[in-house]
Amino acid sequence: MSREIQIEAVHEALGRVKYPGFAADILSLGIVEEVAPTSEGYAVTIRHASEREEVMRTIAADIHRTLTHDLGIEKVELRAHRVEAELGEKTGRERLEGVKHIVAVGSGKGGVGKSTVAANLALALAELGLSVGLLDADIYGPSVPMMFGTGDAHPASVDRQHFKPIEKYGVKLISIGFFLGERAPVIWRGPMVMGAVRQFLKDTLWGPLDFLIVDLPPGTGDAQLTLAQQVALDGAVIVTTPQDVAVLDATRAVKMFRQVHCPILGVVENMSGFICPDCGERDDLFGLGGGERMASEEGVPMLARIPIQQEVRSAGDAGKPIVIAAPEHPASRAYLELARAIVARISA
Ligand SMILES: Nc1ncnc2c1ncn2[C@@H]1O[C@H](COP(=O)(O)OP(=O)(O)O)[C@@H](O)[C@H]1O
Ligand SMILES: [Mg+2]
């Protein structure tokens, strides 16, 4: 009898199972790897990355209940596909009130596309149904106002100490650019940078957030340190290009995060090959596989490969990142994959 239940119905039912503690479902988060009919029912394979055992048990129980109870499938077989992920040591630093997870996006080098990754990652997480904030910790070179086309929006101060983030495309934003005006030069020195980052973290009314993404300045300086000292980071995403020099700098960034006991979630290789819009052929403009090599040398996962595409740049320049401007674009899909990979690596 259960053989008559179509696989589409199973997929639809799995789409109603939420990831514990999140509004997003296990299907959109990529937790479900395979659904296959068996002689008496269905077998469901779920990805087991860094989820805690109790999270996996909850997911398995929810799948079982949904398929047997809601669909009347007689026999549901659950298989787990274990994916190794490095989560390292948890820091003992304080959590931000109302913010479930803080993920930093860093790089060793400027211009590798870190801000573009941070912005599109934030939007992709929001696309998955999560509530997301983006903190632009690049005090000298803020890029959030331009990438999100916020014009001359200024955060409203509430009680002379706390301020409301600017909201755009469903993501809450804060950037030094909102306070100074995009073109004003910033001449602050080290201690002021730390002060600004601390204020952005603690005095912004982030409200309930599933994820706060922090766009770090390049390198391993004051902003990185302040962030690591002030709050409990769930992990860092390291952006690099396939070139050797960028990889070298990224390796340095990995070591810095390890020193401050921030787990490395993995590596994003950006500008990873150009896909010709006419013929679909791939051209490896910036070398090949640097991110992958580094990931394997450092023992961290490779999270995503984002192709170099003119549309990515023009979307950012136009104040409407590619995930919003062209959700079906190959780069947008890569950012969505990245978002899923990150959620999968962080347990609820
Ligand atoms: N995948 C990509 N394809 C094309 N252009 C990109 C891509 N990623 C980033 N860029 C462009 O490269 C430039 C630098 O990116 P940005 O995100 O500001 O780097 P960073 O924050 O590391 O300094 C920007 O003009 C951006 O639009
Ligand atoms: Mg930047």
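For ligands, and for the atoms within them, numbers begin at 1 and follow the listed sequence. What you see below is based on every heavy atom in this structure, not just the backbone, and it leaves out hydrogens, waters and symmetry mates.
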Does any N or O in the side chain of Lys75 come within less than 3.5 Å of the main-chain N or O of Glu40, such that one atom is a donor and the other an acceptor?
no
Test of understanding: given a 4.0 Å heavy-atom threshold, classify the contact between Asn270 and ligand 1 as side chain, backbone, both, or neither.
side chain
Looking at Pro142, is its backbone amide N or carbonyl O close enough to the side chain of Asp136 to form a donor-acceptor pair, meaning the two atoms are under 3.5 Å apart?
no
Looking at atom 26 (C) of ligand 1, would you say a protein heavy atom lies below 4.0 Å from it?
yes
What about Gln310: any of its N or O atoms under 3.5 Å from an N or O on ligand 1?
no
Going from CD on Glu77 to NE2 on His64, what distance comes out if it is rounded to the nearest 0.5 angstrom?
10.5 Å
Tell me whether Ile46 shares a hydrophobic cluster with Val35, the cluster being built from Ile, Leu, Val, Met, Phe, Trp, Tyr side chains joined at under 4.5 Å.
yes
Judged by non-hydrogen atoms, does Ser143 sit under 4.0 Å from ligand 1?
no
Nearest non-hydrogen protein atom to atom 5 (N) of ligand 1, with distance, is Arg313 CB, 3.7 Å
Atom CG of Asp249 and atom CE of Met294: how far apart are they, to the nearest 0.5 Å?
10.5 Å
Out of curiosity, Thr204 OG1 to Gln199 CD, how far, rounded to the nearest 0.5 Å?
8.0 Å
Determine yes or no for a side-chain-to-main-chain donor-acceptor pair under 3.5 angstrom, with Ser107 supplying the side chain and Pro218 the backbone.
no
What I want to find out is whether Arg79 reaches Glu33 closely enough, with some N-O distance under 4.0 Å, to be called a salt bridge.
no
With nothing but distance in play, are any N or O atoms of Lys114 less than 3.5 Å from an N or O of ligand 1?
yes
Shortest reach to atom 18 (O) of ligand 1 by a heavy atom, considering only Ser115, Ala315, Gly141
Ser115
Ring geometry between Phe211 and His101 (parallel below 30°, tilted from 30 to 60°, perpendicular above 60°):
tilted
Any chance you could measure Phe179, atom CZ, to Ser157, atom OG, to the nearest 0.5 Å?
9.0 Å
Would you please determine whether Pro307 falls within less than 4.0 Å of ligand 1 on a heavy-atom basis?
yes
Got an N/O contact under 3.5 Å between Val312 and ligand 1?
no
Polar proximity ligand 1 side, Gln309 side, N/O cut 3.5 Å exclusive:
yes
Quick check on side-chain contact (heavy atoms from CB on, under 4.5 Å): which of Leu67, Val32, Asp62 does Val17 satisfy it with?
Asp62
Below 2.8 Å of the Mg ion (ligand 2), tally up the protein N/O/S atoms for me.
1
When distances are taken from atom 23 (O) of ligand 1, the protein heavy atom at minimum range is Gly111 N, 2.8 Å
Which atoms form the tightest heavy-atom contact between Lys168 and Phe148, and what is the distance?
NZ-O, 3.0 Å
To the nearest 0.5 angstrom, please state how far the CD atom of Glu298 sits from the CD1 atom of Ile264.
8.5 Å
Purely on distance, is any nitrogen or oxygen of Met271 under 3.5 Å from one on ligand 1?
no
With heavy-atom distances below 4.0 Å as the criterion, list the atoms of ligand 1 near Thr116.
9 (C), 15 (O), 16 (P), 17 (O), 26 (C)
Kindly confirm or rule out an N or O of Gly113 lying under 3.5 angstrom from an N or O of ligand 1.
yes
